[in-house]
Amino acid sequence: MENLFGDTFDLDGEEAEVAVFADVILPVPIPKMFTYRIPRSLEKAIGIGYRVIVQFGRKKVLTGIIGKVHQKPPQAYEAKPILEILDEQPVVNPLQIKFWSWMAEYYCCHIGEVMNAALPSGLKLNSESKIQLNPEFDQQTSSFPIDEREQVILDALTQKDELAYEDCGKLLGLKSAHRIIKSLVLKEAILVYEQVREKYSPKVENFIRLKEPYASSKAELEKLFNTISKKPKQEEVLLKYLQEIPVFQNSTKNENGLNKKVFSEAGCSTSSLKTLVKNEVLEEFKVIKSRFEQIPSKDLEIELAPFQKEGLEKIKNQFESKQTVLLHGITGSGKTEIYIELIKEVLESGSQVLLLLPEIALTTQIVARLQKVFGSKMGIFHSKYSDNERVEVWQGVLSGRFSFVVGVRSSIFLPFDSLGLVIIDEEHEPSFKQFDPAPRFQARDAAIMLAWLHQAKTLLGTATPSFESYYNAKNQKYGYVPLNKRFGEAQLPEFVMADILADKKKNLLKLDFTRILREKIQEALNQQEQVLIFQNRRGYAPFTSCDECGWIPECEQCDVSLTYHQYSKEMRCHYCGFKDKVPQSCVACGSNKISTIGMGTERIEESLSLLFPEARVGRMDLDTTRSKYAYQKILEDFGAGNLDILVGTQMITKGLDFDKVTVVGIVDADRILHFPDFRSGERAFQQITQVAGRAGRRNRRGSVIIQSRRPDHFVFDQVFKGDYANFYLTEMSERQRFFYPPFVKNIKVTIKHKESQIAQKAANHLANLIKDIQVKKIVLGPEKSLIGKIKNQYLFDLLIKLDKTGNVPALFKLELRRCLEELNFQKDFKSVRIVVDVDPY
DNA sequence: AGCACGCCGACT
DNA sequence: GTCGGCGTGCTC
């Protein structure tokens, strides 16, 4: 109750009659939180970050997260109650809610979408609509007639207590049983309800132990052996147990028991085991096991080279005044050792550490190395992890089991509460940017924000900084620490340009390989050394075409040709997932001369086998590393010397240290260079430098052979000299002249509709609305998207180049939201979908 | 997004 | 009539 001054006061010493409300974040793309009423019974046990179950809409039940607790009743509607609280402790902390809100605002999406990306789906609950018989219902006395199909449902419900909504349709052979169910509900014959199920299930293993009195009395045990001596199978089981668990030496050993699978592995009879359990000699019990092994940490002393020590000190110095530091260390300069030292120090101070790695680097040596140092306090967050594994990492961070996490892009969402340091390794990697779905965030930038929220430091490490980061370092926004020496005085490789066109003219180009590259490979093979061949993935998608007329199978719903998937032997659309059989004859001319051309790497692999029949050639790309451990296996093979040549995409450039690699070849550098994108120069520099870094580490000088049609391009020269700074300056003047990032902020808006005309009109209209926003900017387009149609939706793009100064971007985004609302308000454009991508790639 | 509701054409 | 296809509007 409120008095005149707005104060609350107690009635008879009881608690004030003020209802408590919660703003709940729900996984729906609606730009707000939803206010629910907290029932009295739950008031004490609720706060920010708890998962709750609420009803949303007519019937659907959803998991949400409490974003705010307050006492302001909503004006326009009656708040529904929270149905249930799922947790004893919050699974999300207030800092995370702040982080989510920031992300939604910055990347122009909804907080529900952020939550969707942040929570492992094992923590999200789904509800399923079910029906059951209404206990009040009696068909005899009911005044409603039940028709034939309704009877089918009712009969089914006498067999089973409940039926899933979807199954009712199947039962009747209908697409949807909606009408029937509705009618039955109206007749009060059935009840509809929502069933929620927890998705996460802990890993449970069965254990066996000896029961009393045998466990504590030798005499009893001897008696037992006498009685079962005629049953050799049972005796064997018992002996196996006693052999593994010396019961009388240590009674706790028996308490903990023996994993049941030990018996089956030892070939003991499982039925005898069962009998012993039944006869109460042994007992079976369940133990919840972590999905992650316990690994002891060895406090390995790592001796830093003097230049690394110096680098470390510089980083720490710069952290005094700067939140973020860019560590620009050439390949082989030993950034990992520096990370380890820093991580150790921060962990000792009691704070948490997050190390972000690009996806493809996560399966490599660096992780194994870190694990040796940090053991079980290090959590790994993988993109190939199952749902259950993700939930366990999440809970591990929550419980404090993991104070240090190494992970991919999405690990910025883990429930850290006291980060002290965030490291982003390979900071320049474009894979830190999420394209689809929303939130379309750049994990590096988001991590810097996250660190700021924690008042933590951020270290960006790379051999080839992104221009954005280097620019920030130059402008004193970030600290900057260069590391120019290679560990162990390893030499820079020798660079050789191979002119594709010149060789072609002289007929020296064989199966895409120039003479010089072939010679270098042969040399290496003769010396028992290894070779890496790099092929860019872009532009080498596998496809199928007709040899007679050139027909290429295309997706019916999208503007792209179908790609050939070797492992499943089918044609697939990358954009909508459409699948088709590999065509046996040409649809256009009927010819049966259809050929399928695989990935670029596949072709290169074949060519190499033909050119060097004695060499053992391996391949590593998306196709060959689809399974969880395939990646490691190929690398192990190569590392052990079971392969002479390894062909691969980007993957082979990540964190590999193979001493025996002396030759690195880039088959087609032009594909990297001439990509229609303002970042293509930057990318080319980065990729070539990274690939080159794999050549000749320790004591041998390696060679890097680059094949190109334009060997005189200035990028190559700059890469050879390792002259990043100069290359940066050249490119940056271009970017400044043509208004590219980092001089402006790019925002891409994509307009989608299933009718080309409407999409175009809407795009034009939106462009005009945006042009009217009163900030400094350039609006380009609308233009048909690179891929004009996806999933039967026509796409048009707008690109906004925005002044970055002050609060212009924030202001603009606010106005942009208004424009989008205004557009969708017009009745012609009601079903137009719009996607906003801030800082697109 | 997901789901209901309502309107409409097609087919028994 | 009844099925199922879509467009539209709403969700605390």
Side-chain angles (χ1 to χ4, degrees), chain A residues 19-39 42 46 52-84 104 109-119 121 124-131 145 147-150 152 164-166 168-186 192-194 196 436-440 752-755 758-759 762 791-793 820-821 823-836:
Chain A
V20 185
F21 297 93
D23 290 346
V24 178
I25 306 168
L26 292 173
V28 286
I30 302 164
K32 50 181 168 179
M33 297 204 230
F34 295 85
T35 307
Y36 284 84
R37 184 168 51 77
I38 304 176
L42 300 177
I46 213 159
V52 292
I53 294 187
V54 293
Q55 190 184 37
F56 186 69
R58 225 153 223 281
K59 66 186 180 89
K60 203 75 190 166
V61 178
L62 294 175
T63 323
I65 290 220
I66 307 254
K68 199 178 159 190
V69 177
H70 58 86
Q71 274 151 20
K72 219 174 89 210
Q75 297 298 300
Y77 51 86
E78 180 82 10
K80 281 185 185 167
I82 283 173
L83 300 176
E84 211 177 314
C109 66
H110 314 301
I111 195 161
E113 292 174 311
V114 180
M115 175 179 114
N116 244 346
L119 279 190
S121 45
K124 286 177 260 180
L125 301 172
N126 263 346
S127 77
E128 191 181 20
S129 304
K130 298 232 166 150
I131 57 167
D147 76 19
E148 215 174 295
R149 283 178 312 182
E150 289 168 354
V152 174
Y165 217 87
E166 276 90 61
C168 299
K170 281 186 209 148
L171 219 56
L172 298 165
L174 286 175
K175 197 122 200 190
S176 104
H178 251 101
R179 277 164 231 246
I180 318 287
I181 291 172
K182 226 172 93 181
S183 150
L184 279 168
V185 172
L186 221 71
V192 179
Y193 66 100
E194 291 292 300
V196 260
D436 216 32
R440 297 173 173 78
K752 306 187 189 180
H753 196 268
K754 65 177 166 52
E755 277 171 69
I758 294 184
K791 290 186 204 172
N792 283 326
Q793 299 255 317
L820 301 185
E821 265 170 45
L823 185 83
N824 272 146
F825 197 68
Q826 300 202 9
K827 68 172 188 300
D828 294 353
F829 302 142
K830 278 250 174 345
S831 51
V832 172
R833 301 276 121 209
I834 299 158
V835 171
V836 180

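Note on naming: letters A, B, ... go to the chains in the order of the sequence lines (proteins, then strands), and numbering restarts at 1 for each one. Just so it is clear, the model here is predicted, and its values are computed rather than measured.
Nucleotides of DNA chain C nearest to S831(A) and I180(A) differ in position, and the one nearer the 5' end is that of I180(A). Annotation: of the two residues near DNA chain B, R833(A) and H178(A), the 5′-most nearest-nucleotide partner is R833(A). Comparing R149(A) and K827(A) by the nucleotide of DNA chain C that holds the closest heavy atom to each, the one mapping nearer the 5' end is R149(A).
Here K182(A) reaches the OP1 or OP2 of dC5(B): one of its side-chain N or O atoms lies under 4.0 Å away. Within the structure, every side-chain polar atom (N or O) of K60(A) is placed at least 4.0 Å from both OP1 and OP2 of dC10(C). Within the 4.0 Å cut-off from OP1 or OP2 of dT8(C), not a single side-chain nitrogen or oxygen of K830(A) is found.
Separating the CD atom of E821(A) from the P atom of dG9(C) is a distance of 15 Å, rounded to the nearest angstrom. With rounding to whole Å, K754(A) atom NZ is found 9 Å from dG7(C) atom C1'. Put simply, CD on E194(A) is 13 Å from C1' on dA4(B), counting in whole angstrom units. dG2(B) atom P lies 16 Å from atom OH of Y165(A), rounded to whole Å. At whole-Å resolution of the value, CD1 in I30(A) and P in dC10(C) are 12 Å apart. Here dC12(C) presents its C1' atom at 14 Å from CD1 of I25(A), a figure rounded to the nearest Å. To the nearest angstrom, C1' of dC12(C) lies 8 Å from NZ of K80(A). Taking atom CG of L62(A) as the reference point, atom C1' of dC12(C) lies 12 Å away to the nearest angstrom.
Of the possible donor and acceptor atoms, one in the side chain of N824(A) sits under 3.5 Å from a partner among the backbone N and O of F829(A). Distance alone, capped at 3.5 Å, places no donor-acceptor pair between the K752(A) side chain and the V835(A) backbone. Although no hydrogens or angles enter the test, the distance criterion places no donor-acceptor pair under 3.5 Å between the side chain of Y36(A) and the main chain of I53(A).
Looking at heavy-atom distances under 4.0 Å, P74(A) makes no contact with the nucleic acid at all. Using a 4.0 Å heavy-atom criterion, one finds that Q55(A) contacts the sugar-phosphate atoms exclusively.
Heavy atoms only, all atoms of each residue included: M33(A) and G67(A) are closest at SD-CA, 4.1 Å.
Of the residues H70(A), K32(A), K68(A), the one that meets the side chain to side chain donor-acceptor pair (under 3.5 Å) test with D23(A) is H70(A).
Judged by distance alone with a 3.5 Å cut-off, a donor-acceptor contact links the side chain of R179(A) to the base of dG4(C).
Taking the side chain of Y36(A) as heavy atoms from C-beta on, and the options dG7(C), dC12(C), dA1(B), the nearest nucleotide is dC12(C).
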